[in-house]
> 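Please find one structure pasted underneath; my questions will follow.
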Amino acid sequence: MALINENYTKLPGSYLFSDIARKVNEFKAAHPDANIIRLGIGDVTKPLAPAVIDALHKAVDDMADASTFRGYGPEQGYDFLVNTIVDNDYKAYGLDIAADEVFVSDGSKSDTGNIGDILGLDNVVAITDPVYPVYVDTNVMAGRSGELLPNGKWSNIVYLPCTEENDFVPALPTEKVDIVYLCYPNNPTGTTLTKDQLKVWVDYALKNKALILFDSAYEAFITEDNVPHSIYEIEGAKEVAIEFRSFSKTAGFTGTRCAYTVVPKALMGYTKSGEKVSLNKLWNRRHTTKFNGVPYIIQRAAEACYSVEGKKQVKATIDYYLNNTKIIRDGLLSQGFKVYGGVNSPYIWVKTPKEMTSWQFFDYLLAELNIVGTPGVGFGPSGEGYLRLTGFGTLDNTKEAVSRLKKISI
Ligand code: PLP
């Protein structure tokens, strides 16, 4: 008899985006002529940069010739990509990250989900709330979450509320915490931490031997100087933090799949008896055992994001999304909405008007303006009363959505 991992049975059945899709489909069926604008799901819409496409074509040709063909590559990534990452994302910022601290992968979703493989089940996990749901669900699957309570929280997870009351800056936990997930710029709130605010967390982790899992999937959207691009800009962070970066939002690789994770060699975990163990060694063991590398073709495409042309083109696309985001943000502000994020991020976090719940506001926008957002409560209990909009649409749709928003008064 094959026993299952019963933790999976604890996960609530439906997924936020399938609920949204169902509601939108029902609305479409009832109103076939409605011109629905989707400002909800966090996927990109612009094609890959020309420099990336050129690199892909060339890499395909490499695969057609026995002298340049590649089979299995190093699981951690080819040197050409790893060294390019180290030079451009770290050395260029004066940060000392070594090639063997970088692990190329097929995505930050996989990496933030899989990192738990090398971490004990007795760790107390803290998450900011609202949060990217993968951090919570993968801890439920592993058995670290306890039970789901009627208030929508898991009994063994420590929630760090991020709301307008604390300006979306999580307070340090009052109970003992071993692992903290931080995502900045944040999905879903679009807010950031300054260097000083992030330092508070690094100092906390150093003092408490805690581990920070720092997801910087939206690093490329940072526009302000005092917002750190990497957690390693904070002194001591190499002793306490793993950093996740992705080409998905940076360069439109959501369907192409490439990311990387930095696990510094100075970073230690502990056995129950208090013995130090290198997390870099553990992650290397896990990665080389359970993963067989990102395709050569895709790694060449990722490398091309860093060429002179590639950088220019990738930045132009980011600027396009940031411009959309600004149009939405300014439009909402001029309508009197309370709006957060959207300056260093493609995400705008809107406070629902008139005490509406997240889903009530979602339904209202869909029915009255044919605009699809993402209900904030889908990202955690503290997301109730908010809705997420994104700048990932087209400029035309964004402008049209804002002109529709002008029709409502709050
Ligand atoms: N981390 C955050 C915070 C995200 O919002 C997303 C995607 O939406 C990811 C990770 C997933 O990244 P990837 O496409 O590299 O798996």
Side-chain angles (χ1 to χ4, degrees), residues 95-97 101 111-112 115-116 118-132 135-136 138-139 144-146 153-163 165-187 189 191-219 222 226-245 261-272 274-280 282-283 344 380-382:
L95 303 175
D96 181 24
I97 295 293
E101 296 178 314
D111 285 354
T112 54
I115 198 73
I118 63 166
L119 301 168
L121 294 183
D122 293 336
N123 284 307
V124 176
V125 170
I127 52 137
T128 54
D129 173 28
V131 78
Y132 178 52
Y135 312 151
V136 176
T138 53
N139 276 292
R144 285 189 203 93
S145 66
K153 296 183 178 178
W154 293 90
S155 57
N156 289 351
I157 289 185
V158 174
Y159 288 74
L160 308 167
C162 296
T163 60
E165 282 75 35
N166 60 8
D167 214 12
F168 302 93
V169 178
L172 292 175
T174 47
E175 56 274 83
K176 175 189 150 354
V177 152
D178 306 297
I179 298 170
V180 185
Y181 289 82
L182 295 179
C183 170
Y184 290 100
N186 188 258
N187 177 15
T189 65
T191 58
T192 49
L193 293 186
T194 62
K195 280 186 192 158
D196 287 346
Q197 288 165 339
L198 187 55
K199 183 177 183 312
V200 170
W201 282 96
V202 171
D203 290 348
Y204 171 88
L206 283 165
K207 195 167 153 212
N208 293 281
K209 294 195 170 119
L211 170 67
I212 297 175
L213 299 175
F214 190 76
D215 186 346
S216 58
Y218 298 93
E219 172 274 334
I222 293 173
N226 63 346
V227 178
H229 287 253
S230 163
I231 194 167
Y232 305 121
E233 288 175 41
I234 314 296
E235 207 188 326
K238 283 211 293 189
E239 287 164 50
V240 293
I242 292 176
E243 178 160 284
F244 303 91
R245 290 255 189 129
T261 289
V262 178
V263 189
K265 282 175 285 190
L267 180 60
M268 297 292 147
Y270 299 86
T271 63
K272 278 198 175 140
E275 195 190 327
K276 284 184 182 176
V277 178
S278 158
L279 290 183
N280 176 284
L282 293 190
W283 185 246
N344 300 288
S382 295

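Scope of the values below: all heavy atoms of this structure, side chains included, with no hydrogens, waters or symmetry mates.
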> Can a salt bridge be assigned to the pair Asp122 and Lys272 using a cut-off of 4.0 Å between side-chain N and carboxylate O?
yes

> Any side-chain heavy atom of Tyr159 within less than 4.5 Å of one from Trp154?
yes

> For a quick test of your reading: what N or O donor-acceptor pairs under 3.5 Å do the side chains of residues 198-208 make, sequence neighbours left out?
from: Lys199; atom 1: NZ; to: Asp203; atom 2: OD2; distance (Å): 2.7
from: Asn208; atom 1: ND2; to: Tyr204; atom 2: O; distance (Å): 2.8

> What heavy-atom pair brings Ile118 and Leu282 nearest, and what distance separates the two atoms?
CG2-O, 3.7 Å

> With heavy-atom distances below 4.5 Å as the criterion, would you say the side chains of Cys162 and Thr128 are in contact?
yes

> Hey, could you give me the OH/OG1 distance between Tyr135 and Thr112, rounded to the nearest 0.5 Å?
5.5 Å

> To the closest 0.5 Å, what do you measure between NE2 (His229) and CD1 (Ile222)?
4.5 Å

> For Lys195, enumerate each residue passing the side-chain hydrogen bond (donor to acceptor under 3.5 Å, both in side chains) test, keeping only those at least two apart in sequence or located in another chain.
Glu233

> Glu235: what forms a side-chain contact (heavy atoms from CB on, under 4.5 Å) with it, not counting sequence neighbours?
none

> So, for Asn280 and Pro264, which heavy atoms are closest and what is the spacing to 0.1 Å?
CB-O, 3.9 Å

> Taking atom CD1 of Ile97 and atom OG of Ser230, what is their separation to the nearest 0.5 Å?
6.5 Å

> Do Glu101 side-chain atoms and Lys265 backbone N/O form a donor-acceptor pair below 3.5 Å?
yes

> Show your reasoning for whether side chain to side chain contact (heavy atoms under 4.5 Å, CB included) applies to Leu119 and Ile179.
CA-CA 9 Å; Leu119 301 168; Ile179 298 170; 3.7 Å; yes

> For a 4.5 angstrom cut-off between non-hydrogen side-chain atoms, does Asp215 reach Tyr132?
yes

> Any idea which heavy atoms bring Gly120 and Asn123 closest together, and the distance?
O-ND2, 2.9 Å

> Looking at CD1 of Ile127 and SG of Cys183, how far apart are the two atoms once the value is rounded to the nearest 0.5 Å?
12.0 Å

> In the structure I gave you, are the side-chain heavy atoms of Glu275 and Tyr270 within less than 4.5 Å of one another anywhere?
no

> Check whether the side chains of Asp96 and Tyr232 place a donor and an acceptor atom closer than 3.5 Å, and report yes or no.
no

> Determine whether Asp178 and Leu211 make a side-chain contact, defined as any pair of heavy atoms from C-beta on separated by less than 4.5 Å.
no

> Closest approach of Val177 and Ala210, non-hydrogen atoms and distance?
O-CB, 3.8 Å

> Looking at side-chain heavy atoms only, is the closest gap between Ile157 and Val136 below 4.5 Å?
yes

> Can you tell me how far apart CG (Asn226) and CD (Gln197) are? Round to the nearest 0.5 Å.
8.5 Å

> Could you tell me whether the side chains of Tyr181 and Asn139 share a donor-acceptor contact shorter than 3.5 Å?
yes

> Work out which heavy atom in Val169 is nearest to a heavy atom in Leu193; give both atom names and the distance.
CG1-CD2, 4.0 Å

> Going through the checks in order, is the side chain to side chain contact (heavy atoms under 4.5 Å, CB included) test met by Val277 and Met268?
CA-CA 5 Å; Val277 178; Met268 297 292 147; 5.9 Å; no

> For Trp283 and Asp111, run side chain to side chain contact (heavy atoms under 4.5 Å, CB included): C-alpha distance rounded to whole Å, both residues' side-chain angles, the deciding distance at 0.1 Å, then the answer.
CA-CA 10 Å; Trp283 185 246; Asp111 285 354; 3.9 Å; yes

> If we only count heavy atoms from C-beta on, is the Phe168 to Asn186 side-chain gap below 4.5 Å?
no

> Could you grab the distance from atom OG of Ser382 to atom CD of Glu165, nearest 0.5 Å is fine?
9.5 Å

> Yes or no on side chain to side chain contact (heavy atoms under 4.5 Å, CB included) for Phe214 and Phe244, after CA distance, side-chain angles and deciding distance?
CA-CA 6 Å; Phe214 190 76; Phe244 303 91; 5.7 Å; no

> Using side-chain contact (heavy atoms from CB on, under 4.5 Å) as the criterion, list what pairs up with Thr192, not counting sequence neighbours.
Pro185, Val227, Asn344

> Are Glu243 and Leu213 close enough that some pair of their side-chain heavy atoms sits under 4.5 Å apart?
no

> Not counting sequence neighbours, which residues clear side-chain hydrogen bond (donor to acceptor under 3.5 Å, both in side chains) with Ser216? List them please.
Arg245

> By side-chain contact (heavy atoms from CB on, under 4.5 Å), which residues pair with Glu175, not counting sequence neighbours?
Val158, Pro173

> Do you know the tightest heavy-atom contact between Val263 and Leu267?
CG1-CD2, 4.2 Å

